[in-house]
There are 2 protein chains.
Amino acid sequence: MSDMRNELLTSAEGLIRRRGYSGFSYADLSDRVGIRKASIHYHFPTKEGLVATVLQTYRDRYMGALHRIEENFGNALDRIDAYGRLYLIGVDKGLGCLCAALSSELEILPVDLRTGTVAFFREHLAWIEKIYQVGRQNAEVNASLDDLQAARIVVSSLEGALMIERLLDGSAGFEITMKAIRTSLSPPILVNATRAG
Amino acid sequence: MSDMRNELLTSAEGLIRRRGYSGFSYADLSDRVGIRKASIHYHFPTKEGLVATVLQTYRDRYMGALHRIEENFGNALDRIDAYGRLYLIGVDKGLGCLCAALSSELEILPVDLRTGTVAFFREHLAWIEKIYQVGRQNAEVNASLDDLQAARIVVSSLEGALMIERLLDGSAGFEITMKAIRTSLSPPILVNATRAG
DNA sequence: AATTATCATCCTACTAGTAGATAGGCAAGC
DNA sequence: GCTTGCCTATCTACTAGTAGGATGATAATT
(Lines give C-alpha, C1' and ligand atoms only; values in the text may rest on other atoms or scores of the structure.)
Protein backbone atom coordinates (compact mmCIF):
# COMPACT_ATOMS: atom_id res chain seq x y z
CA MET A 1 0.00 0.00 0.00
CA SER A 2 1.32 3.41 -0.99
CA ASP A 3 2.00 6.19 1.48
CA MET A 4 -0.57 8.44 -0.13
CA ARG A 5 -3.25 5.79 0.13
CA ASN A 6 -2.60 5.44 3.84
CA GLU A 7 -2.46 9.18 4.30
CA LEU A 8 -5.87 9.45 2.64
CA LEU A 9 -7.32 6.77 4.88
CA THR A 10 -5.95 8.38 8.03
CA SER A 11 -7.11 11.83 7.05
CA ALA A 12 -10.55 10.61 6.00
CA GLU A 13 -11.01 8.76 9.28
CA GLY A 14 -10.23 11.89 11.27
CA LEU A 15 -12.56 13.99 9.15
CA ILE A 16 -15.47 11.58 9.55
CA ARG A 17 -14.93 11.32 13.29
CA ARG A 18 -15.01 15.10 13.62
CA ARG A 19 -17.53 16.04 10.89
CA GLY A 20 -19.57 13.00 9.98
CA TYR A 21 -19.97 11.21 6.66
CA SER A 22 -21.96 13.88 4.81
CA GLY A 23 -19.94 16.55 6.59
CA PHE A 24 -16.66 15.89 4.83
CA SER A 25 -15.78 16.13 1.16
CA TYR A 26 -13.02 15.22 -1.27
CA ALA A 27 -12.15 18.93 -1.23
CA ASP A 28 -11.48 18.77 2.54
CA LEU A 29 -9.35 15.72 1.99
CA SER A 30 -7.49 17.45 -0.85
CA ASP A 31 -6.63 20.39 1.43
CA ARG A 32 -5.11 18.05 3.98
CA VAL A 33 -3.13 15.53 1.95
CA GLY A 34 -1.89 17.99 -0.67
CA ILE A 35 -3.08 16.35 -3.88
CA ARG A 36 -5.97 17.45 -6.05
CA LYS A 37 -9.53 16.19 -5.74
CA ALA A 38 -9.30 14.27 -9.01
CA SER A 39 -6.14 12.51 -7.84
CA ILE A 40 -7.99 11.21 -4.79
CA HIS A 41 -10.40 9.51 -7.18
CA TYR A 42 -7.42 7.63 -8.60
CA HIS A 43 -6.84 6.00 -5.19
CA PHE A 44 -10.50 5.73 -4.21
CA PRO A 45 -12.92 6.00 -7.15
CA THR A 46 -15.94 6.60 -4.90
CA LYS A 47 -16.51 8.16 -1.50
CA GLU A 48 -18.46 5.10 -0.43
CA GLY A 49 -15.50 2.86 -1.29
CA LEU A 50 -13.10 5.12 0.54
CA VAL A 51 -15.19 5.10 3.71
CA ALA A 52 -15.76 1.34 3.46
CA THR A 53 -11.98 0.92 3.55
CA VAL A 54 -11.67 3.37 6.43
CA LEU A 55 -14.30 1.37 8.31
CA GLN A 56 -12.60 -1.97 7.68
CA THR A 57 -9.27 -0.55 8.85
CA TYR A 58 -10.95 0.83 11.95
CA ARG A 59 -12.52 -2.54 12.77
CA ASP A 60 -9.25 -4.38 12.21
CA ARG A 61 -7.35 -1.96 14.44
CA TYR A 62 -9.88 -2.44 17.23
CA MET A 63 -9.84 -6.21 16.94
CA GLY A 64 -6.08 -6.14 17.18
CA ALA A 65 -6.29 -3.98 20.30
CA LEU A 66 -8.81 -6.34 21.90
CA HIS A 67 -6.49 -9.25 21.26
CA ARG A 68 -3.58 -7.43 22.86
CA ILE A 69 -5.68 -6.58 25.89
CA GLU A 70 -6.38 -10.27 26.44
CA GLU A 71 -2.67 -11.00 26.26
CA ASN A 72 -1.65 -8.21 28.63
CA PHE A 73 -4.37 -8.41 31.27
CA GLY A 74 -5.70 -11.44 33.12
CA ASN A 75 -8.44 -9.95 35.27
CA ALA A 76 -11.81 -9.24 33.68
CA LEU A 77 -12.21 -5.79 35.25
CA ASP A 78 -8.70 -4.80 34.19
CA ARG A 79 -9.44 -5.97 30.67
CA ILE A 80 -12.63 -3.93 30.54
CA ASP A 81 -10.74 -0.98 31.99
CA ALA A 82 -8.16 -1.28 29.25
CA TYR A 83 -10.99 -1.46 26.75
CA GLY A 84 -12.37 1.79 28.14
CA ARG A 85 -9.00 3.47 27.75
CA LEU A 86 -9.18 2.82 24.00
CA TYR A 87 -12.12 5.20 23.91
CA LEU A 88 -10.29 7.66 26.15
CA ILE A 89 -7.72 8.16 23.39
CA GLY A 90 -10.52 9.48 21.23
CA VAL A 91 -11.70 11.87 23.93
CA ASP A 92 -8.19 13.29 24.29
CA LYS A 93 -7.82 13.79 20.55
CA GLY A 94 -11.28 15.27 20.13
CA LEU A 95 -12.33 12.33 17.97
CA GLY A 96 -15.69 10.63 18.25
CA CYS A 97 -16.25 6.98 17.39
CA LEU A 98 -16.28 6.37 13.63
CA CYS A 99 -19.27 4.05 13.89
CA ALA A 100 -21.20 6.49 16.06
CA ALA A 101 -20.72 9.13 13.38
CA LEU A 102 -21.87 6.73 10.67
CA SER A 103 -24.91 5.58 12.62
CA SER A 104 -26.10 9.18 12.97
CA GLU A 105 -26.75 9.18 9.24
CA LEU A 106 -28.27 5.72 9.15
CA GLU A 107 -31.07 6.47 6.71
CA ILE A 108 -28.79 7.79 3.97
CA LEU A 109 -25.89 5.41 4.66
CA PRO A 110 -24.86 3.06 1.83
CA VAL A 111 -25.68 -0.53 2.77
CA ASP A 112 -22.11 -1.81 3.01
CA LEU A 113 -21.27 0.93 5.49
CA ARG A 114 -24.32 0.03 7.49
CA THR A 115 -23.46 -3.66 7.63
CA GLY A 116 -19.88 -2.82 8.57
CA THR A 117 -21.10 -0.60 11.39
CA VAL A 118 -23.41 -3.32 12.66
CA ALA A 119 -20.53 -5.79 12.55
CA PHE A 120 -18.34 -3.41 14.56
CA PHE A 121 -20.80 -3.27 17.44
CA ARG A 122 -21.49 -7.01 17.37
CA GLU A 123 -17.75 -7.73 17.52
CA HIS A 124 -17.38 -5.53 20.57
CA LEU A 125 -20.42 -6.91 22.37
CA ALA A 126 -19.31 -10.47 21.71
CA TRP A 127 -15.85 -9.71 23.06
CA ILE A 128 -17.09 -8.17 26.30
CA GLU A 129 -19.54 -11.05 26.74
CA LYS A 130 -16.67 -13.51 26.45
CA ILE A 131 -14.47 -11.52 28.84
CA TYR A 132 -17.28 -11.26 31.37
CA GLN A 133 -18.08 -14.93 31.18
CA VAL A 134 -14.50 -15.86 32.03
CA GLY A 135 -14.53 -13.20 34.74
CA ARG A 136 -17.61 -14.77 36.29
CA GLN A 137 -16.01 -18.21 36.34
CA ASN A 138 -13.10 -16.67 38.24
CA ALA A 139 -15.44 -14.77 40.59
CA GLU A 140 -13.91 -11.50 39.46
CA VAL A 141 -17.13 -9.78 38.52
CA ASN A 142 -20.57 -8.88 39.80
CA ALA A 143 -22.64 -11.98 39.12
CA SER A 144 -25.94 -10.13 39.35
CA LEU A 145 -25.36 -8.98 35.78
CA ASP A 146 -25.39 -11.62 33.06
CA ASP A 147 -22.96 -11.51 30.15
CA LEU A 148 -25.37 -9.83 27.76
CA GLN A 149 -26.22 -7.12 30.27
CA ALA A 150 -22.59 -6.48 31.14
CA ALA A 151 -21.55 -6.22 27.50
CA ARG A 152 -24.44 -3.93 26.70
CA ILE A 153 -23.85 -1.52 29.53
CA VAL A 154 -20.11 -1.40 28.91
CA VAL A 155 -20.26 -0.69 25.18
CA SER A 156 -23.27 1.61 25.46
CA SER A 157 -21.92 3.73 28.27
CA LEU A 158 -18.46 4.04 26.73
CA GLU A 159 -19.94 5.03 23.37
CA GLY A 160 -22.24 7.48 25.07
CA ALA A 161 -19.51 8.90 27.27
CA LEU A 162 -17.18 9.39 24.31
CA MET A 163 -19.90 11.38 22.57
CA ILE A 164 -20.89 13.43 25.61
CA GLU A 165 -17.52 14.19 27.18
CA ARG A 166 -16.05 15.40 23.92
CA LEU A 167 -18.60 18.20 24.37
CA LEU A 168 -18.52 18.58 28.14
CA ASP A 169 -15.56 17.79 30.37
CA GLY A 170 -13.17 15.73 28.26
CA SER A 171 -11.12 12.99 29.88
CA ALA A 172 -12.05 14.19 33.38
CA GLY A 173 -15.71 13.54 32.64
CA PHE A 174 -14.98 10.32 30.80
CA GLU A 175 -13.14 8.91 33.79
CA ILE A 176 -16.18 9.42 36.00
CA THR A 177 -18.09 7.08 33.70
CA MET A 178 -15.19 4.62 33.64
CA LYS A 179 -15.09 4.54 37.42
CA ALA A 180 -18.86 4.05 37.56
CA ILE A 181 -18.60 1.11 35.15
CA ARG A 182 -15.91 -0.56 37.23
CA THR A 183 -17.92 -0.11 40.40
CA SER A 184 -21.03 -1.54 38.75
CA LEU A 185 -19.20 -4.58 37.41
CA SER A 186 -17.27 -5.27 40.62
CA PRO A 187 -18.45 -8.04 42.94
CA PRO A 188 -20.45 -6.58 45.87
CA ILE A 189 -18.13 -5.80 48.79
CA LEU A 190 -17.52 -8.75 51.13
CA VAL A 191 -20.93 -10.07 51.98
CA ASN A 192 -22.33 -12.81 54.16
CA ALA A 193 -24.40 -13.90 51.19
CA THR A 194 -27.59 -13.43 53.21
CA ARG A 195 -30.61 -13.31 50.98
CA ALA A 196 -34.12 -12.07 51.46
CA GLY A 197 -37.04 -14.45 50.96
CA MET B 1 -47.35 29.66 15.68
CA SER B 2 -48.67 28.58 12.29
CA ASP B 3 -49.34 24.98 11.39
CA MET B 4 -46.76 25.06 8.62
CA ARG B 5 -44.08 26.34 10.96
CA ASN B 6 -44.74 23.46 13.35
CA GLU B 7 -44.86 20.98 10.51
CA LEU B 8 -41.48 22.19 9.37
CA LEU B 9 -40.02 21.85 12.85
CA THR B 10 -41.42 18.34 13.29
CA SER B 11 -40.26 17.21 9.89
CA ALA B 12 -36.82 18.75 10.32
CA GLU B 13 -36.35 17.09 13.70
CA GLY B 14 -37.14 13.69 12.22
CA LEU B 15 -34.81 14.23 9.29
CA ILE B 16 -31.89 15.26 11.51
CA ARG B 17 -32.43 12.33 13.84
CA ARG B 18 -32.38 9.93 10.89
CA ARG B 19 -29.85 11.64 8.58
CA GLY B 20 -27.81 14.10 10.58
CA TYR B 21 -27.40 17.86 10.18
CA SER B 22 -25.41 17.86 6.94
CA GLY B 23 -27.41 14.90 5.75
CA PHE B 24 -30.71 16.72 5.31
CA SER B 25 -31.60 19.64 3.05
CA TYR B 26 -34.34 22.15 2.42
CA ALA B 27 -35.19 20.04 -0.63
CA ASP B 28 -35.87 17.03 1.62
CA LEU B 29 -38.02 19.19 3.83
CA SER B 30 -39.86 20.57 0.81
CA ASP B 31 -40.71 17.03 -0.36
CA ARG B 32 -42.26 16.26 3.02
CA VAL B 33 -44.24 19.36 3.95
CA GLY B 34 -45.45 20.15 0.44
CA ILE B 35 -44.25 23.71 -0.01
CA ARG B 36 -41.33 24.90 -2.14
CA LYS B 37 -37.77 25.33 -0.91
CA ALA B 38 -38.01 29.11 -1.19
CA SER B 39 -41.16 29.13 0.93
CA ILE B 40 -39.35 27.34 3.72
CA HIS B 41 -36.93 30.27 3.80
CA TYR B 42 -39.93 32.50 4.53
CA HIS B 43 -40.49 30.61 7.80
CA PHE B 44 -36.85 29.94 8.57
CA PRO B 45 -34.43 32.21 6.70
CA THR B 46 -31.41 30.01 7.48
CA LYS B 47 -30.84 26.32 8.10
CA GLU B 48 -28.89 27.15 11.23
CA GLY B 49 -31.83 29.13 12.60
CA LEU B 50 -34.26 26.35 11.78
CA VAL B 51 -32.18 23.75 13.57
CA ALA B 52 -31.60 26.07 16.53
CA THR B 53 -35.38 26.24 16.93
CA VAL B 54 -35.69 22.47 16.53
CA LEU B 55 -33.06 22.04 19.23
CA GLN B 56 -34.76 24.45 21.66
CA THR B 57 -38.10 22.69 21.13
CA TYR B 58 -36.41 19.35 21.75
CA ARG B 59 -34.83 20.58 24.99
CA ASP B 60 -38.11 22.07 26.20
CA ARG B 61 -40.01 18.88 25.45
CA TYR B 62 -37.48 16.83 27.41
CA MET B 63 -37.51 19.21 30.37
CA GLY B 64 -41.29 18.96 30.45
CA ALA B 65 -41.06 15.17 30.43
CA LEU B 66 -38.54 15.18 33.28
CA HIS B 67 -40.86 17.36 35.31
CA ARG B 68 -43.77 15.01 34.71
CA ILE B 69 -41.67 12.03 35.72
CA GLU B 70 -40.97 13.66 39.08
CA GLU B 71 -44.68 14.20 39.56
CA ASN B 72 -45.69 10.68 38.62
CA PHE B 73 -42.96 8.61 40.27
CA GLY B 74 -41.64 8.81 43.80
CA ASN B 75 -38.90 6.20 43.81
CA ALA B 76 -35.52 7.13 42.32
CA LEU B 77 -35.13 3.90 40.37
CA ASP B 78 -38.64 4.19 38.96
CA ARG B 79 -37.89 7.75 37.93
CA ILE B 80 -34.72 6.71 36.16
CA ASP B 81 -36.59 3.85 34.56
CA ALA B 82 -39.19 6.27 33.25
CA TYR B 83 -36.36 8.44 31.99
CA GLY B 84 -34.98 5.46 30.09
CA ARG B 85 -38.35 4.83 28.49
CA LEU B 86 -38.17 8.29 26.91
CA TYR B 87 -35.24 7.01 24.88
CA LEU B 88 -37.06 3.78 24.12
CA ILE B 89 -39.66 5.76 22.15
CA GLY B 90 -36.83 6.81 19.83
CA VAL B 91 -35.66 3.23 19.38
CA ASP B 92 -39.18 2.13 18.42
CA LYS B 93 -39.56 4.94 15.90
CA GLY B 94 -36.10 4.45 14.43
CA LEU B 95 -35.05 7.89 15.63
CA GLY B 96 -31.68 8.62 17.21
CA CYS B 97 -31.10 11.39 19.72
CA LEU B 98 -31.08 14.83 18.11
CA CYS B 99 -28.10 15.93 20.17
CA ALA B 100 -26.16 12.78 19.39
CA ALA B 101 -26.65 13.50 15.70
CA LEU B 102 -25.50 17.08 16.13
CA SER B 103 -22.45 16.13 18.19
CA SER B 104 -21.27 13.80 15.41
CA GLU B 105 -20.62 16.89 13.30
CA LEU B 106 -19.11 18.91 16.11
CA GLU B 107 -16.30 20.49 14.11
CA ILE B 108 -18.58 22.02 11.49
CA LEU B 109 -21.48 22.78 13.82
CA PRO B 110 -22.52 26.46 14.18
CA VAL B 111 -21.69 27.71 17.68
CA ASP B 112 -25.26 28.22 18.87
CA LEU B 113 -26.09 24.63 18.00
CA ARG B 114 -23.04 23.49 19.86
CA THR B 115 -23.90 25.45 23.00
CA GLY B 116 -27.49 24.20 22.83
CA THR B 117 -26.27 20.62 22.59
CA VAL B 118 -23.95 21.12 25.55
CA ALA B 119 -26.83 22.61 27.53
CA PHE B 120 -29.01 19.60 26.70
CA PHE B 121 -26.56 17.14 28.21
CA ARG B 122 -25.86 19.33 31.25
CA GLU B 123 -29.60 19.60 31.95
CA HIS B 124 -29.98 15.85 31.84
CA LEU B 125 -26.93 15.13 33.99
CA ALA B 126 -28.05 17.70 36.56
CA TRP B 127 -31.50 16.16 36.70
CA ILE B 128 -30.26 12.61 37.27
CA GLU B 129 -27.82 13.88 39.88
CA LYS B 130 -30.69 15.49 41.76
CA ILE B 131 -32.88 12.40 41.47
CA TYR B 132 -30.07 10.17 42.67
CA GLN B 133 -29.26 12.41 45.61
CA VAL B 134 -32.84 12.22 46.84
CA GLY B 135 -32.80 8.49 46.19
CA ARG B 136 -29.72 8.09 48.34
CA GLN B 137 -31.32 9.99 51.21
CA ASN B 138 -34.23 7.55 51.01
CA ALA B 139 -31.88 4.55 50.77
CA GLU B 140 -33.42 3.64 47.44
CA VAL B 141 -30.18 3.44 45.50
CA ASN B 142 -26.75 1.89 45.46
CA ALA B 143 -24.67 4.20 47.65
CA SER B 144 -21.37 2.98 46.27
CA LEU B 145 -21.98 5.25 43.28
CA ASP B 146 -21.94 8.99 43.89
CA ASP B 147 -24.39 11.34 42.17
CA LEU B 148 -21.97 12.36 39.44
CA GLN B 149 -21.12 8.76 38.63
CA ALA B 150 -24.74 7.67 38.61
CA ALA B 151 -25.79 10.53 36.33
CA ARG B 152 -22.90 9.89 33.97
CA ILE B 153 -23.50 6.18 33.60
CA VAL B 154 -27.25 6.63 33.15
CA VAL B 155 -27.09 9.30 30.46
CA SER B 156 -24.07 7.78 28.71
CA SER B 157 -25.43 4.25 28.57
CA LEU B 158 -28.90 5.35 27.43
CA GLU B 159 -27.44 7.57 24.72
CA GLY B 160 -25.11 4.78 23.65
CA ALA B 161 -27.85 2.17 23.73
CA LEU B 162 -30.18 4.32 21.64
CA MET B 163 -27.46 4.65 19.03
CA ILE B 164 -26.47 0.98 19.05
CA GLU B 165 -29.83 -0.75 19.32
CA ARG B 166 -31.32 1.24 16.46
CA LEU B 167 -28.77 -0.70 14.41
CA LEU B 168 -28.83 -4.03 16.22
CA ASP B 169 -31.78 -5.42 18.14
CA GLY B 170 -34.19 -2.52 18.64
CA SER B 171 -36.24 -2.30 21.82
CA ALA B 172 -35.31 -5.88 22.80
CA GLY B 173 -31.64 -4.89 22.93
CA PHE B 174 -32.37 -1.56 24.56
CA GLU B 175 -34.21 -3.23 27.41
CA ILE B 176 -31.17 -5.33 28.23
CA THR B 177 -29.26 -2.13 28.87
CA MET B 178 -32.16 -0.68 30.86
CA LYS B 179 -32.25 -3.76 33.07
CA ALA B 180 -28.48 -3.58 33.55
CA ILE B 181 -28.74 0.06 34.61
CA ARG B 182 -31.42 -0.69 37.18
CA THR B 183 -29.41 -3.57 38.59
CA SER B 184 -26.31 -1.40 38.83
CA LEU B 185 -28.14 1.42 40.59
CA SER B 186 -30.05 -0.84 42.98
CA PRO B 187 -28.85 -1.17 46.56
CA PRO B 188 -26.84 -4.39 47.02
CA ILE B 189 -29.09 -7.24 48.11
CA LEU B 190 -29.58 -7.45 51.89
CA VAL B 191 -26.13 -7.33 53.34
CA ASN B 192 -24.66 -7.56 56.81
CA ALA B 193 -22.55 -4.50 55.97
CA THR B 194 -19.41 -6.43 56.80
CA ARG B 195 -16.35 -4.71 55.38
CA ALA B 196 -12.83 -5.81 54.67
CA GLY B 197 -9.87 -3.94 56.25
C1' DA C 1 24.06 0.64 -23.00
C1' DA C 2 20.61 2.89 -25.35
C1' DT C 3 16.03 2.84 -26.46
C1' DT C 4 11.36 1.84 -26.13
C1' DA C 5 7.13 0.46 -23.83
C1' DT C 6 4.45 0.25 -19.71
C1' DC C 7 2.62 1.71 -15.62
C1' DA C 8 1.71 4.50 -11.49
C1' DT C 9 0.62 8.85 -9.96
C1' DC C 10 -0.48 13.09 -10.45
C1' DC C 11 -2.42 17.15 -13.06
C1' DT C 12 -5.96 20.64 -15.50
C1' DA C 13 -10.35 21.09 -17.07
C1' DC C 14 -14.78 19.76 -17.05
C1' DT C 15 -19.56 17.59 -16.17
C1' DA C 16 -24.25 17.28 -14.03
C1' DG C 17 -26.41 17.77 -9.93
C1' DT C 18 -27.36 19.80 -5.41
C1' DA C 19 -26.58 23.07 -1.54
C1' DG C 20 -28.46 27.20 0.94
C1' DA C 21 -30.14 31.49 -0.11
C1' DT C 22 -32.24 35.73 -2.70
C1' DA C 23 -35.36 38.66 -5.78
C1' DG C 24 -39.49 39.80 -7.01
C1' DG C 25 -44.29 38.68 -8.01
C1' DC C 26 -49.12 36.96 -6.93
C1' DA C 27 -53.25 35.97 -4.30
C1' DA C 28 -56.04 35.95 -0.16
C1' DG C 29 -57.56 38.12 4.17
C1' DC C 30 -58.03 41.61 7.75
C1' DG D 1 -53.92 48.62 1.23
C1' DC D 2 -50.80 46.40 3.83
C1' DT D 3 -49.47 41.85 5.68
C1' DT D 4 -49.09 36.83 5.33
C1' DG D 5 -47.73 32.96 2.90
C1' DC D 6 -46.73 31.07 -0.93
C1' DC D 7 -44.83 30.95 -5.84
C1' DT D 8 -41.23 30.92 -10.07
C1' DA D 9 -36.82 31.91 -11.37
C1' DT D 10 -32.31 32.55 -10.39
C1' DC D 11 -27.78 32.93 -7.94
C1' DT D 12 -23.25 31.39 -6.30
C1' DA D 13 -20.77 27.85 -4.16
C1' DC D 14 -20.02 23.29 -3.67
C1' DT D 15 -20.76 18.06 -4.42
C1' DA D 16 -18.94 13.52 -6.37
C1' DG D 17 -17.20 12.00 -10.35
C1' DT D 18 -15.01 11.86 -15.42
C1' DA D 19 -11.84 12.74 -19.50
C1' DG D 20 -7.65 13.04 -21.04
C1' DG D 21 -2.93 14.59 -20.72
C1' DA D 22 1.91 15.22 -18.40
C1' DT D 23 5.56 13.20 -15.68
C1' DG D 24 8.71 10.10 -14.15
C1' DA D 25 10.17 5.54 -12.75
C1' DT D 26 10.64 0.86 -13.98
C1' DA D 27 10.78 -3.03 -17.14
C1' DA D 28 11.52 -4.98 -21.69
C1' DT D 29 13.67 -4.95 -25.96
C1' DT D 30 17.15 -4.11 -29.14
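Chain letters run A, B, ... following the sequence lines, proteins first, then strands; residues in each count from 1. Keep in mind the model is a prediction, meaning the values are calculated, not measured.
- The salt bridge (Lys or Arg N to Asp or Glu O under 4.0 Å) pairs that include a residue from residues 63-72 of chain B are B/Glu70-B/Lys130, where partners are two or more places apart or lie in different chains.
- Ring orientation note: the planes of B/His124 and B/Tyr87 are nearly perpendicular, at an angle over 60° on the 30°/60° scale.
- The stretch residues 85-100 of chain A participates, sequence neighbours left out, in these salt bridge (Lys or Arg N to Asp or Glu O under 4.0 Å) pairs: A/Asp81-A/Arg85.
- Partners of B/Arg17 according to the side chain to side chain contact (heavy atoms under 4.5 Å, CB included) rule, which considers only residues two or more places apart in sequence or in another chain, are B/Glu13, B/Tyr58, B/Arg61, B/Leu95, B/Leu98.
- Pairs of Watson-Crick or G-U wobble type, with distances under 3.5 Å, assemble into runs of 3 or more in DNA chain C at these ranges: C:1-30 with D:1-30.
- Proximity of A/Phe121 to B/Met163: side-chain heavy atoms (C-beta onward) are separated by under 4.5 Å at one or more points.
- Taking atom CZ of residue B/Arg36 and atom P of nucleotide D/dT4, one finds them 24 Å apart after rounding to whole Å.
- Side-chain N/O atoms of A/Ser39 include one lying less than 4.0 angstrom from OP1 or OP2 on C/dC11.
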Return a table of donor-acceptor pairs under 3.5 angstrom between the side chains of residues 24-31 of chain B and protein atoms on other chains or two or more places apart.
residue : atom : partner : partner atom : Å
B/Ser25 : OG   : B/Ala27 : N            : 3.3
B/Ser25 : OG   : B/Asp28 : N            : 3.2
B/Ser25 : OG   : B/Asp28 : OD2          : 3.3
B/Tyr26 : OH   : B/Phe44 : O            : 2.9
B/Tyr26 : OH   : B/Thr46 : O            : 3.1
B/Tyr26 : OH   : B/Lys47 : N            : 3.2
B/Asp28 : OD2  : B/Ser25 : N            : 2.9
B/Ser30 : OG   : B/Ile35 : O            : 2.7

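- Using a 4.0 Å cut-off between a side-chain N of Lys or Arg and a carboxylate O of Asp or Glu, B/Glu165 and A/Arg152 qualify as a salt bridge.
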message: So if I define the base as every atom that isn't primed, P, OP1 or OP2, how would nucleotides 16-30 of chain C read as a B/S/- string at a heavy-atom cutoff under 4.0 Å?
response: ---SBBBB-------
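- Taking 4.0 Å as the cut-off between side-chain N and carboxylate O, B/Arg19 and A/Glu107 count as a salt-bridged pair.
- Nearest-nucleotide positions on DNA chain C place A/Tyr42 closer to the 5' end than the other of A/Ile35 and A/Tyr42.
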